[in-house]
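Single-structure report; data block below.
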Protein chains: 2
Amino acid sequence: MTASGTQERILDAAECLFAEHGFGDVSVRQVVHTAGVNVASIHYHFGSKEALVEAVMSRRLKPLNDERLRLLDEYESRDEGEVALEDVLYALIAPAVKLSRSRKGGKSFVRLVGRLFAEPSNTVLERLKDRFEVVFIRFHRAFKRTLPAIRKRDYFWRIHFILGAMSLTLCDRERPAAWSEGSCDPDDLDEVIQQLVAFCAAGLRSPVPRKKRKR
Amino acid sequence: MTASGTQERILDAAECLFAEHGFGDVSVRQVVHTAGVNVASIHYHFGSKEALVEAVMSRRLKPLNDERLRLLDEYESRDEGEVALEDVLYALIAPAVKLSRSRKGGKSFVRLVGRLFAEPSNTVLERLKDRFEVVFIRFHRAFKRTLPAIRKRDYFWRIHFILGAMSLTLCDRERPAAWSEGSCDPDDLDEVIQQLVAFCAAGLRSPVPRKKRKR
DNA sequence: GACTAATTGAAACATCTGTTTAAATTGGAA
DNA sequence: TTCCAATTTAAACAGATGTTTCAATTAGTC
């Protein structure tokens, strides 16, 4: 039996459309049309539109997070636990940014991940939470080791800011190039990664903000 | 003639619902229902759903950006042009964060702004672009003055990361508190502002990333 | 080739979508 | 009170939505 290309063609089309227009603004009919399959296929293969959304995310999420953990493992075994902050950030950031240049819908998927984080009340994110949790716990340990003196509250605020910077960068390729009149090149992925890593490392290392100043 | 509360009740309901579920996932019928008005009211008062979305944003965007510019003016006149980087960031960030605790839907609106920036292909953002542009140009000048040596490309990448950190922080109040098991208090706005300003200042000041390392 | 299960197809399901109509109601000005 | 415009109402519009049905087709196994 060909577990025929139908499923993948639906996933590819959905991934692309969702990334471009958001989850709620894409109908199953648009998906089946650009996939070139029948309307019923979605419910036959996935059960519902919501399940399709989840399937779209799941397909690439595992490889992405596996690569992150693989890099982290590599650095930790190489440096015997004394991994540089920049390397931890690199392991977190680079796989996502690099996925965005992969041939197949990687570009779309990566924008979807950004979208996922920016849409708080998203049921999809809830369902994928477990998949992220494992990764973040591993990275938390790695970060804590490179920043032993940091206060818990400072650490988590800054991780949140890092996720925000990552999300928008994955979501929106074009804005930096547009604002800078071409000085920023969204296709130079090594540059994007370098910039993100340097920015986040500086933010994580910054001294504790002094007591609230009244304004 | 009562330019009756109807318009404002629609705006309030729409603001709240859009913030919670996104633009595309909220129907005009949900809006009129929670606003307690008739279906036709939206088209009578605003013309279309899209015009309503724009009206929701416009209502609070001008006061927000006015306050940003007012703060920047205040600091520039006080310090005779030698404004500290932290103060420029404060003028950009604090009004948005503070709006998020105002009684009326400010909280919702501020999440909407975050959403706006995270949804790239958004026609609404296109229409509101002018309103943002004036503000950003003013802030660009102020930033450049505090960072005279920065490369154009570094500057715009970092501004992009700052917008990302801001967006997610405005969008999602709860995540830092949840991840940190309560160490981060999303209601302590002075703390949020301090954290964001310190993080972004460190990121902006960080040394130029060294030449690409091959991995 | 015949049987069976997996897959696809066209059509219809009820419900929801944004929008419009036209009649009813309101409230201030004359 | 009369009048007129501004506003609100209920009903309907055409089309899109996610989903289901069931017959037609496909493909692998005996």
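Here the structure is a predicted model, which means the values were calculated and not measured. Chain identifiers are assigned alphabetically (A, B, ...) following the order of the sequence lines, protein sequences preceding nucleic acid strands; residue numbering begins at 1 within each chain.
Per the geometry, CD belonging to Q7(B) stands 11 Å off C1' belonging to dT7(D), to the nearest Å. Rounded to whole angstrom, the span from the CG atom of L52(A) across to the C1' atom of dT17(D) amounts to 15 Å. Regarding L17(A), its CG atom lies at a distance of 12 Å from the P atom of dG18(D), rounded to whole Å. Atoms NE2 (H33(A)) and C1' (dT8(C)) sit 17 Å apart, rounded to a whole Å. Following rounding to the nearest Å, N38(B) (CG) and dT8(D) (P) show an atom-to-atom distance of 9 Å. In this structure, the OH atom of Y44(B) is 18 Å from the P atom of dA24(C), given to the nearest Å. Atom CD1 in I10(A) sits roughly 14 Å away from atom C1' in dG18(D) (whole-Å rounding).
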Quick tally for nucleotides 13-19 of chain C: nucleotides whose base has a protein heavy atom under 4.0 Å get B, sugar-phosphate-only ones S, the rest -, giving ----BBB
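Not counting sequence neighbours, S48(A) has no partner by the side chain to side chain donor-acceptor pair (under 3.5 Å) test. With sequence neighbours excluded, no residue satisfies side chain to side chain donor-acceptor pair (under 3.5 Å) with K144(A). Residues satisfying the side chain to side chain donor-acceptor pair (under 3.5 Å) test with R70(A), not counting sequence neighbours, are E67(A), E74(A).
In the helix from dG1(C)-dC30(D) to dT17(C)-dA14(D), the end axes, each obtained as the rotation axis mapping the C1' atoms of four pairs onto the next four within a five-pair block, lie 30° apart to the nearest 10 degrees.
Salt bridge present: R138(B) and D73(B) bring a charged side-chain N and a carboxylate O closer than 4.0 Å. One finds no salt bridge joining D185(B) and R153(A) here, because no Lys/Arg side-chain nitrogen approaches an Asp/Glu carboxylate oxygen to under 4.0 Å.
In terms of phosphate contacts, T6(A) brings a side-chain nitrogen or oxygen within less than 4.0 Å of OP1 or OP2 of dT8(C). Using a 4.0 Å cut-off, no side-chain N or O of H45(B) falls inside it from OP1 or OP2 of dA6(D).
Applying the ring pair (Phe, Tyr, Trp, His ring centres under 6.0 Å) test to every pair with at least one member in residues 46-72 of chain A, sequence neighbours left out, gives no pairs at all.
Open room surrounds NZ on K62(B); 12 or fewer heavy atoms of other groups in view lie less than 6.0 Å from it.
You'll find the side chain of K49(A) stays beyond 4.5 Å of the side chain of F23(A), heavy atoms only. Within the 4.5 Å cutoff, side-chain heavy atoms of L196(A) are placed close to those of T169(A).
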